[in-house]
Amino acid sequence: VQLQASGGGLVQAGGSLRLSCAASGRTFSNNNMGWFRQAPGKEREFVAVISRSGGTTDYADSVKGRFTISRDNVKNTVYLQMNSLKPEDTAVYYCAAGRLFAYSDYGYPYWGQGTQVTVSS
């Protein structure tokens, strides 16, 4: 599975962005999909995960109620809608694919290249 993330940018605090991650190959719907982020000087951290069918999702406490993960198995794309953005959401965001419904990056063998999100105060 090859993944291409897009949609990052510069936004003011309180604003919104929608990230997309397009997958190539015929196995997209066989994979659970995750979003992770890495801020400067920090370790990569879990943000959100969605099951193969899209019926189950989960979020890090820090984004719960503000971010929504979704997927379109016809378009082979997973999305991360980010609302009420805060400066502490500034990071490079990565999408990942794997057979496990995982909260750790060890559960995902396939990764996109990352897209920068910067939230100004």
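In this structure the side chain of Arg44 reaches within 4.5 angstrom of the side chain of Trp111, judged on heavy atoms. Residues Met33 and Phe28 form a side-chain contact, since some pair of their non-hydrogen atoms from C-beta on lies under 4.5 Å apart. Contact annotation: the side chain of Glu88 never approaches that of Val119 to less than 4.5 Å [non-hydrogen atoms, C-beta and beyond]. For the pair Gln12 and Ser120, the minimum side-chain heavy-atom distance is below 4.5 Å. In this structure, the side chains of Leu80 and Phe67 come closer than 4.5 Å at one or more pairs of heavy atoms. For the pair Thr68/Tyr59, a side-chain contact is recorded, criterion being any heavy-atom separation below 4.5 Å from C-beta on.
For the atom pair CG of Leu10 and CD of Gln116, the computed distance is 9.5 Å after rounding to the nearest 0.5 Å. Separation of atoms CG (Leu3) and CG (Asn76) is listed at 10.0 Å; rounding is to 0.5 Å. The structure places CH2 of Trp35 at 4.5 Å from CG of Leu19, a figure rounded to the nearest 0.5 Å.
With a 6.0 Å radius and a threshold of 12 heavy atoms from other residues, nucleotides or ligands, Phe101 has its CZ atom above the threshold. Crowding of Lys64 atom NZ: a count of heavy atoms from other residues, nucleotides or ligands under 6.0 Å exceeding 12.
Considering all non-hydrogen atoms of both residues, Asp72 and Tyr79 come closest at CB-CE1, 4.2 Å. Residue Ala97 comes nearest to Val1 through the heavy atom pair CB-CG1, 4.4 Å, listed as atom of the first residue, atom of the second, then distance. Shortest non-hydrogen contact noted between Asn83 and Ser16 is OD1-OG, 2.9 Å. The heavy-atom pair separating Thr57 from Ile50 by the smallest distance is CG2-CG1, 3.7 Å. The shortest non-hydrogen separation linking Gly107 to Ala102 is CA-CB, 3.8 Å. Closest non-hydrogen pair, Ala13 versus Pro87, comes out as CB-CD, 4.1 Å.
Applying the side chain to side chain donor-acceptor pair (under 3.5 Å) test to Arg66 and every residue at least two apart in sequence or in another chain returns Asp89. Glu45 pairs by the salt bridge (Lys or Arg N to Asp or Glu O under 4.0 Å) definition with Arg37, not counting sequence neighbours. For Phe46, the ring-ring contact (aromatic ring centres under 6.0 Å, His included) test picks out Phe36, Tyr103, with sequence neighbours left out.
Note on Met82: it clusters hydrophobically with Val11, by side-chain heavy-atom contacts below 4.5 Å among ILVMFWY residues. Two different hydrophobic clusters hold Ile69 and Tyr108 under the rule that ILVMFWY side chains link at heavy-atom gaps under 4.5 Å.
Proximity of a side-chain donor or acceptor of Asn73 to a complementary backbone N or O of Arg52 within less than 3.5 Å is detected. The main-chain N or O of Ala5 is found under 3.5 Å from a side-chain atom of Gln113 such that the two form a donor-acceptor pair. With Arg71 contributing its side chain and Asn32 its backbone, the two residues share no donor-acceptor pair below 3.5 Å.
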